[in-house]
Amino acid sequence: MTSTGKLLIVTAPSGAGKTTIVRHLLSTFPQLQFSVSATNRERRPMEINGRDYYFIATPRFRELVDNGAFLEWEEVYTDQYYGTLRSEVDRILKAGRAVIFDIDVRGALNLKKTYGDKALAIFIQPPSLETLIERLNRRKTEDPGSLKKRIERATEELTFKDHFDRTVVNDDLPQALAETDAMVREFLSDPRSN
Ligand code: 5GP
């Protein structure tokens with residue numbers, strides 16, 4: 001497959017199931033490598049530094065911003081920063097792999113602007129706002145305050161869906177996975193985006 005230099009951007013409102021989809025794509029397409037983002041938020045118990053994120057302190061994050069180390073970064077929630085490191089993407093592309101990103105909607109739009117046809121930006125859409133709230137509630141990783149923030153943000157992010165190359169409605173997970181697989185297969189084998 002001709003995957004060199006390609007970037008696959010997967011985005012969604014929080015709770016739409018994008019992490020599940022990204023994990024599935026990683027296990028289906030060996031040429032994909034996950035872009036590990038940097039964040040200043042607290043590590044959750046199951047997370048591993050360097051695998052899920054590079055967990056760094058706020059002053060260091062700011063220093064990296066000032067040094068131009070990020071391709072894009074966002075304050076996704078109040079005082080919680082997330083960013084894509086240039087060094088991470090360069091390393092993956094230099095190794096001849098295609099990059100896969102799991103990032104927020106604004107970051108996804110910025111990366112798409114930077115990479116144009118080299119990138120495929122997929123928006124994962126929850127079947128409804130009610131389902132999304134239900135999923136966020138079920139996850140129970142958040143305290144009530146931060147859950148409320150996530151719901152507000154997700155509601156706003158849903159309005160951006162028409163700005164992406166493709167949309168997948170995540171109602172029935174196996175079907176959403178099959179649809180995404182087909183899109184990614186086509187993109188990775190398309191010689192025009194090389
Ligand atoms: P979480 O804290 O649940 O891991 O992630 C919160 C949100 O930040 C998710 O929507 C996730 O995709 C997004 N995110 C993760 N890494 C990045 C990044 O490097 N840049 C941007 N803009 N968003 C990110």
Side-chain angles (χ1 to χ4, degrees), residues 7-26 32-58 60-62 64-65 67-93 99-115 119-126 129 132-133 135-161 163-164 167-168 170 180:
L7 304 104
L8 182 63
I9 305 163
V10 182
T11 192
S14 187
K18 78 176 172 312
T19 303
T20 311
I21 291 178
V22 167
R23 290 207 182 118
H24 171 81
L25 290 171
L26 279 164
L32 290 176
Q33 195 171 343
F34 184 62
S35 164
V36 179
S37 298
T39 185
N40 71 336
R41 83 145 160 75
E42 290 283 308
R43 189 178 64 80
R44 295 179 188 142
M46 298 303 286
E47 289 177 327
I48 295 175
N49 186 37
R51 182 193 71 180
D52 300 286
Y53 285 104
Y54 298 111
F55 294 97
I56 57 180
T58 308
R60 176 71 185 137
F61 196 102
R62 296 219 173 99
L64 289 168
V65 170
N67 294 343
F70 290 112
L71 274 168
E72 63 74 38
W73 67 276
E74 295 287 331
E75 184 176 0
V76 176
Y77 305 105
T78 310
D79 296 330
Q80 287 185 12
Y81 305 119
Y82 296 82
T84 305
L85 291 160
R86 285 178 197 284
S87 55
E88 181 75 2
V89 175
D90 287 351
R91 183 178 60 75
I92 298 171
L93 292 177
V99 190
I100 182 168
F101 302 90
D102 171 344
I103 67 173
D104 94 310
V105 170
R106 285 183 184 75
L109 287 173
N110 285 332
L111 286 183
K112 176 65 189 174
K113 223 180 278 164
T114 304
Y115 289 103
L120 178 73
I122 302 179
F123 185 89
I124 311 296
Q125 196 189 332
L129 189 57
L132 186 110
I133 293 172
R135 284 181 194 167
L136 283 172
N137 270 319
R138 232 185 294 139
R139 193 147 56 167
K140 293 195 172 39
T141 51
E142 313 300 327
D143 59 74
S146 104
L147 180 65
K148 184 168 172 280
K149 278 196 286 178
R150 282 184 183 237
I151 291 170
E152 281 166 8
R153 190 181 174 90
T155 307
E156 193 218 341
E157 286 180 331
L158 272 176
T159 66
F160 286 90
K161 78 170 176 5
H163 293 82
F164 294 93
T167 300
V168 174
N170 187 10
T180 320

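The residues of the chain are indexed from 1 along the displayed sequence. The figures that follow rest on heavy atoms only: side chains count, while hydrogens, waters and symmetry mates do not. Remember, it's 1-based here, ligands and their atoms both numbered in the order they're listed.
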Residue Ser37 vicinity, atoms of ligand 1 by number, heavy atom under 4.0 Å:
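That gives atoms 16 (N), 17 (C), 18 (C), 19 (O) of ligand 1.
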
Which atoms of ligand 1 are found less than 4.0 Å from any heavy atom of Glu74?
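Answer for ligand 1: 22 (N).
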
Below a 4.0 angstrom heavy-atom separation, can you tell me which part of [X], side chain or backbone, both or neither, approaches ligand 1?
X: Glu75; result: neither
X: Tyr53; result: side chain
X: Glu72; result: side chain

Between [X] and ligand 1, is there a nitrogen or oxygen pair with a distance under 3.5 Å?
X: Asp102; answer: yes
X: Gly83; answer: yes
X: Arg41; answer: yes
X: Lys18; answer: yes

Under 3.5 Å, which donor-acceptor pairs do the side chains of residues 50-57 form with other protein atoms, sequence neighbours left out?
{"residue": "Arg51", "atom": "NH2", "partner": "Met46", "partner atom": "O", "Å": "3.2"}
{"residue": "Asp52", "atom": "OD2", "partner": "Ile48", "partner atom": "N", "Å": "2.7"}
{"residue": "Tyr54", "atom": "OH", "partner": "Glu88", "partner atom": "OE1", "Å": "2.7"}

Could you work out, with ring pair (Phe, Tyr, Trp, His ring centres under 6.0 Å) as the rule, every residue matching Phe61, not counting sequence neighbours?
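With neighbours one apart ignored, the set is Phe70, Tyr81.
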
Non-hydrogen atoms of Ala108 and Ile9 that approach each other most closely:
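Between these two residues, the closest heavy atoms are CB-CG2, 3.5 Å.
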
Could you pull out the closest heavy-atom pair between Glu74 and Asn110, with the gap in Å?
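What the structure gives for the nearest pair is OE2-ND2, 3.5 Å.
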
Euclidean distance, Glu72 CD relative to Phe101 CZ, rounded to 0.5 Å:
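It is 8.0 Å, given to the nearest 0.5 Å.
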
Assess whether salt bridge (Lys or Arg N to Asp or Glu O under 4.0 Å) is satisfied between Glu47 and Arg41, documenting all intermediate values.
CA-CA 12 Å; Glu47 289 177 327; Arg41 83 145 160 75; 2.8 Å; yes

Determine, using heavy atoms of Arg106 and all atoms of ligand 1, whether some pair is separated by less than 4.0 Å.
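Under 4.0 Å: no for Arg106.
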
Heavy atoms from other residues, nucleotides or ligands near CZ of Arg91 exceed 12 (cutoff 6.0 Å)
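It does: Arg91 CZ has more than 12 such atoms within range.
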
